[in-house]
Amino acid sequence: MAQDNSPNKTITMNQRRSRTKFTEDQLKILIKAFHQNPYPGYATKQRINSVEINTDESRIQIWFQNRRARHQCQKKSEPDEDLESSQDQDHSEEEIQSREDRRCRTSYTSSQLHTLIKAFMNNPYPGIDTREQLAKEIGIPESRVQIWFQNRRSRFHVQRKREPDDQDSEQRQDQEQDL
DNA sequence: ACTAATCTGATCATACCCTGTATGATCAGCGCATTAGT
């Protein structure tokens, strides 16, 4: 079972997570919470989820991210239309700075990292199935696995940019010295 | 069409170690990120 070497047909490999469908009641709760604080901390998101929504904290986080993206559009296009909700406009910079606590930093054991790195080399864009399988294998929530892959890819790209090829950078250094 | 899921790249924050580096968490996205399920 370890080897599923179907080299082609990778089309369905990167499957997305199935789309979450929030009920009207759940949306009401989320929107209300958003008005109270569009940047809830981990504890708040967990509370909202466990008490009212009962899905997964990471889904709540994504909902807030998407909502913020859309909400800012609206604000710019119609700034004074929204007078009813003027309550939520008084988010001063101080308030944003005193944001609630983040999730605790996850620390991975070397064997967990080994598994993740191996998977990354195999496929840096794993779909939901692969991520869940990995999560189960190393005993860490799937949402953390997803973040790990995001960070890994991002840093991989950055590193590649920094060292495109040595010849170019050497030439550039020479030119700089001439100046 | 609407919006959840996903992506990159930048930045904040913390563990580990020696004040910097590696990396997990969070954020925006700008003539308003893109992709894709319902």
Side-chain angles (χ1 to χ4, degrees), chain A residues 10-34 37-49 52-79 81-82 88 91-121 123-135 138-164:
Chain A
T10 51
I11 305 147
T12 55
M13 248 179 87
N14 290 358
Q15 249 183 358
R16 292 183 159 218
R17 178 196 313 275
S18 59
R19 218 181 139 95
T20 306
K21 178 70 184 150
F22 294 111
T23 67
E24 270 186 45
D25 286 345
Q26 289 174 330
L27 278 175
K28 270 185 199 164
I29 290 154
L30 286 167
I31 290 165
K32 188 179 165 196
F34 184 85
N37 180 10
Y39 294 89
Y42 176 63
T44 304
K45 281 180 287 200
Q46 263 212 327
R47 196 178 55 244
I48 293 169
N49 181 43
E52 323 258 25
I53 312 285
N54 209 18
T55 166
D56 184 284
E57 179 271 335
S58 68
R59 296 309 91 208
I60 308 293
Q61 174 152 10
I62 295 297
W63 186 88
F64 271 86
Q65 281 177 9
N66 281 324
R67 180 84 184 177
R68 282 198 301 268
R70 274 177 271 132
H71 190 73
Q72 284 183 347
C73 282
Q74 280 186 344
K75 252 189 179 172
K76 282 187 179 171
S77 56
E78 35 187 281
E81 187 72 29
D82 209 12
D88 64 321
H91 287 107
S92 60
E93 287 178 24
E94 296 165 26
E95 265 182 314
I96 288 175
Q97 288 202 334
S98 65
R99 273 178 196 165
E100 298 174 22
D101 285 344
R102 300 176 159 211
R103 172 198 302 274
C104 288
R105 194 184 163 102
T106 306
S107 55
Y108 295 98
T109 67
S110 54
S111 86
Q112 286 171 329
L113 280 175
H114 179 77
T115 305
L116 288 169
I117 290 165
K118 210 172 96 183
F120 184 86
M121 290 194 293
N123 177 15
Y125 294 91
I128 181 67
D129 289 346
T130 308
R131 292 199 309 265
E132 258 167 0
Q133 202 177 322
L134 275 168
I138 65 177
I140 275 192
E142 179 276 331
S143 64
R144 297 309 88 205
V145 173
Q146 183 164 28
I147 295 299
W148 186 89
F149 272 86
Q150 280 178 9
N151 279 324
R152 185 88 183 176
R153 283 196 303 267
S154 179
R155 273 140 199 169
F156 190 71
H157 291 144
V158 169
Q159 203 176 6
R160 272 183 99 176
K161 271 188 191 169
R162 265 190 205 152
E163 37 193 71

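By convention in this document, chain letters (A, B, ...) are assigned in the order of the sequence lines, proteins followed by strands, and residues within each chain are numbered from 1.
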Give one of base, sugar-phosphate or nothing for A/Arg144, where a contact means two heavy atoms less than 4.0 Å apart. sugar-phosphate

Assign each of A/Cys104 and A/Trp63 to its nearest nucleotide of DNA chain B by heavy atoms, then name whichever residue's nucleotide is nearer the 5' end. A/Trp63

Does B/dA5 have OP1 or OP2 under 4.0 Å away from a side-chain N or O of A/Thr20? yes

Measure up the A/Phe22 and A/Trp63 rings against each other and bin them: parallel (under 30°), tilted (30 to 60°), perpendicular (over 60°). perpendicular

Just how far, in rounded Å, is C1' of B/dT21 from CZ of A/Arg155? 11 Å

Does A/Arg67 qualify as a cation-pi partner of A/Phe34, given the criterion of NZ or CZ under 6.0 Å from the six-membered ring centre and within 45 degrees of its axis? yes

Taking for each residue the nucleotide of DNA chain B bearing the nearest heavy atom, is the 5' side occupied by A/Pro124 or by A/Leu113? A/Pro124

Base, sugar-phosphate, or nothing: which does A/Thr106 touch, judged by heavy atoms less than 4.0 Å apart? sugar-phosphate

Ignoring hydrogens and angles, does a donor from either the side chain of A/Arg19 or the base of B/dT3 sit under 3.5 Å from an acceptor on the other? yes

Between B/dA10 and B/dC30, how far apart are the C1' atoms? Round to whole Å, please. 16 Å

Can you tell me which nucleotide in B/dG9, B/dT26, B/dA4 comes closest to the side chain of A/Gln61? B/dT26

Expressed in angstrom and rounded to an integer, what is the separation of A/Phe64 atom CZ from B/dA28 atom P? 12 Å

Between B/dG37 (P) and A/Gln15 (CD): distance, integer Å: 9 Å

Taking NZ, NE, NH1 and NH2 as the nitrogens, is one of them in A/Glu52 or A/Arg47 under 4.0 Å from a carboxylate oxygen of the other? no

Short side-chain N/O contact to B/dA4 OP1/OP2 from A/Arg16, under 4.0 Å: no

Within this structure, what is the CD1-to-P distance between A/Ile62 and B/dA28, rounded to whole angstrom? 12 Å

In whole Å, what is the span from the CG atom of A/Asn151 to the P atom of B/dA25? 8 Å

OP1 or OP2 of B/dT8 versus the side-chain N and O atoms of A/Tyr125: is any pair under 4.0 Å? yes

When you measure from the side-chain N and O atoms of A/Arg59 to the phosphate of B/dA4, is any distance below 4.0 Å, counting only OP1 and OP2? no

Check whether any side-chain nitrogen or oxygen of A/Arg103 sits under 4.0 Å from OP1 or OP2 of B/dA13, and answer yes or no. no

Separation between the P atoms of B/dT8 and B/dT35, rounded to whole Å: 12 Å

A/Gln150 CD - B/dG24 P separation (whole Å): 12 Å

According to a strict under-4.0 Å criterion, is A/Gln146 in side-chain N/O contact with OP1 or OP2 of B/dT6? yes

To the nearest Å, how far apart are A/Asp56 CG and B/dT6 P? 12 Å

Using nucleotides 14-17 of chain B, report all nitrogen or oxygen pairs with the protein that are shorter than 3.5 Å.
residue: B/dT14; atom: O2; partner: A/Arg105; partner atom: NH1; Å: 3.1

Does this structure show an ion pair linking A/Glu100 with A/Lys45, if we count only N-O contacts that are shorter than 4.0 Å? no

Roughly how far, to the nearest 0.5 Å, is CZ of A/Arg103 from CD of A/Glu57? 4.5 Å

When the P atoms of B/dA5 and B/dC32 are considered, how many whole Å apart are they? 24 Å

Tell me, do A/Trp148 and A/Tyr108 make a side-chain contact under 4.5 Å, heavy atoms counted? yes

Whole Å only: how far is the NZ atom of A/Lys21 from the P atom of B/dG37? 16 Å

side-chain N/O A/Arg131 vs B/dT6 OP1/OP2, d < 4.0 Å: yes

